[in-house]
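Heads up, the thing below is written out as structure tokens.
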Amino acid sequence: MKTQVASPINRVAEHLNGNGNGNTTVTITPPNIRTAEFKIRGTAPLVVHRFDKKVMGDFADKIIQGSKPTGKKKFEPKKLEDICEAAKYIGRTGKETWEGFNASGIRLALISACRGANFKMTVIKQCVFVVAEGYDIYTPLIPLVRIHGESEMSQMIAKTETGVAMLCVRPMYQQWAATLRIRFDADMLSLQDLTNLLARAGQCVGICEGRPDSKNSGGMGWGTFEITNGDEKS
């Protein structure tokens, strides 16, 4: 004789239909996920700095080959143009390649903006997600938002954590814009609240290098933006 065991889903269905043992009250509703599309325009230059591919390769070599004793390091000559190119995020759509910024920067800016808005960060962490337009061709795990604008090479003197001065070469976008698609749970956050929080993130927090909310400094006033329009999608 064969015995059929009800699956967990069937058992849950029986309780919801009132066919199980005892009464069940449903208090948790399914997520009400909506997608909002925002067009933003930079109010200050955007400076991007991706993690150097060569440094990543050096870490991989240390894991595979083990560490080796090193003396004074010798700097290999590099072209400034090559350094600038290496600092860019490059996405691809079909055969077309484009420059972008890390999509997680928008989400982190929204979370950080909660401080000034007196709103719970944990709510934003659970219900707001930025949709990637593509992924970095060198590190496919990095989600990107496309930058609409031309980049130029910027050169500035900066100090490392040990206080040593060095030349920083980065791509800078003087005039830039982007389209953001943000998924959110409308039962936890209204579209108007999301719009206001994004506006605060754009004006007070910023994204990428030299942003006002930089953890390592007071920022350079870069990476701020404003919303030019906002639409909710089904």
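We use all heavy atoms of the structure for the numbers below, so side chains are in, but hydrogens, waters and symmetry mates are not.
Note on M220: it does not cluster hydrophobically with V48, by side-chain heavy-atom contacts below 4.5 Å among ILVMFWY residues. There is no path of hydrophobic side-chain contacts, each under 4.5 Å, that joins L108 to I124. When hydrophobic clusters are built by joining Ile, Leu, Val, Met, Phe, Trp and Tyr residues whose side-chain heavy atoms come closer than 4.5 Å, directly or via intermediates, F129 is not grouped with Y135. L167 is connected to M153 through a chain of hydrophobic side-chain contacts under 4.5 Å among Ile, Leu, Val, Met, Phe, Trp and Tyr, so both are in one cluster. At a threshold of 4.5 Å between side-chain heavy atoms, the hydrophobic network of Ile, Leu, Val, Met, Phe, Trp and Tyr places V169 and I157 in one connected group.
Summarising the geometry, atom OG1 belonging to T179 is positioned 8.0 Å from atom CG belonging to N229; distances are rounded to the nearest 0.5 Å. If you take CH2 on W176 and CD1 on I40, they are separated by 4.5 Å, rounding to the nearest 0.5 Å. R200 CZ to C114 SG: the interatomic distance, rounded to the nearest 0.5 Å, is 10.0 Å. One finds the CD1 atom of I142 at 5.0 Å from the CZ atom of R50 (value rounded to the nearest 0.5 Å). To the nearest 0.5 Å, atoms CD1 (I182) and OG1 (T35) are separated by 10.0 Å. Note: C84 SG to K79 NZ = 14.0 Å, rounded to the nearest 0.5 Å.
With E133 contributing its side chain and R146 its backbone, the two residues share a donor-acceptor pair below 3.5 Å. In this structure a side-chain-to-backbone donor-acceptor pair under 3.5 Å is present from T195 to L191. For the pair Q203 (side chain) and F225 (backbone), a donor-acceptor distance under 3.5 Å is present. Without hydrogens or angle criteria, R107 side chain to V128 main chain gives a donor-acceptor distance under 3.5 Å. The main-chain N or O of D193 is found under 3.5 Å from a side-chain atom of S190 such that the two form a donor-acceptor pair.
The neighbour count for E226 CD, taken as heavy atoms of other residues, nucleotides or ligands under 6.0 Å away, is above 12. Residue Q175 places its CD atom among 12 or fewer non-hydrogen atoms of other residues, nucleotides or ligands, all under 6.0 Å distant.
No side-chain heavy atom of D213 sits less than 4.5 Å from a side-chain heavy atom of C204.
Closest non-hydrogen pair, R170 versus V47, comes out as CB-CG1, 3.6 Å. Residues D185 and N32 share a closest heavy-atom pair of OD1-N, 3.3 Å. Closest heavy-atom contact between V205 and P212: O-CD, 3.2 Å. Residues T224 and A44 come closest through the heavy atom pair OG1-CB, 3.3 Å. Across F101 and Y89, no two heavy atoms sit closer than the pair CA-CD1, 4.1 Å. Scanning both residues, D187 and P30, for their nearest heavy atoms gives OD2-O, 4.0 Å.
With sequence neighbours left out, the side-chain contact (heavy atoms from CB on, under 4.5 Å) criterion links P45 to M172, Q174, W222. Looking at residues two or more places apart in sequence or on another chain, you find a salt bridge (Lys or Arg N to Asp or Glu O under 4.0 Å) between E99 and K88. Judged as a side-chain contact (heavy atoms from CB on, under 4.5 Å), and not counting sequence neighbours, the contacts of V131 are R181, R183.
A side chain to side chain contact (heavy atoms under 4.5 Å, CB included) with F38 is found for exactly one of I106, L194, T228, namely L194. Looking at I147, N102, L46 one by one, the single match for side chain to side chain contact (heavy atoms under 4.5 Å, CB included) with C208 turns out to be L46.
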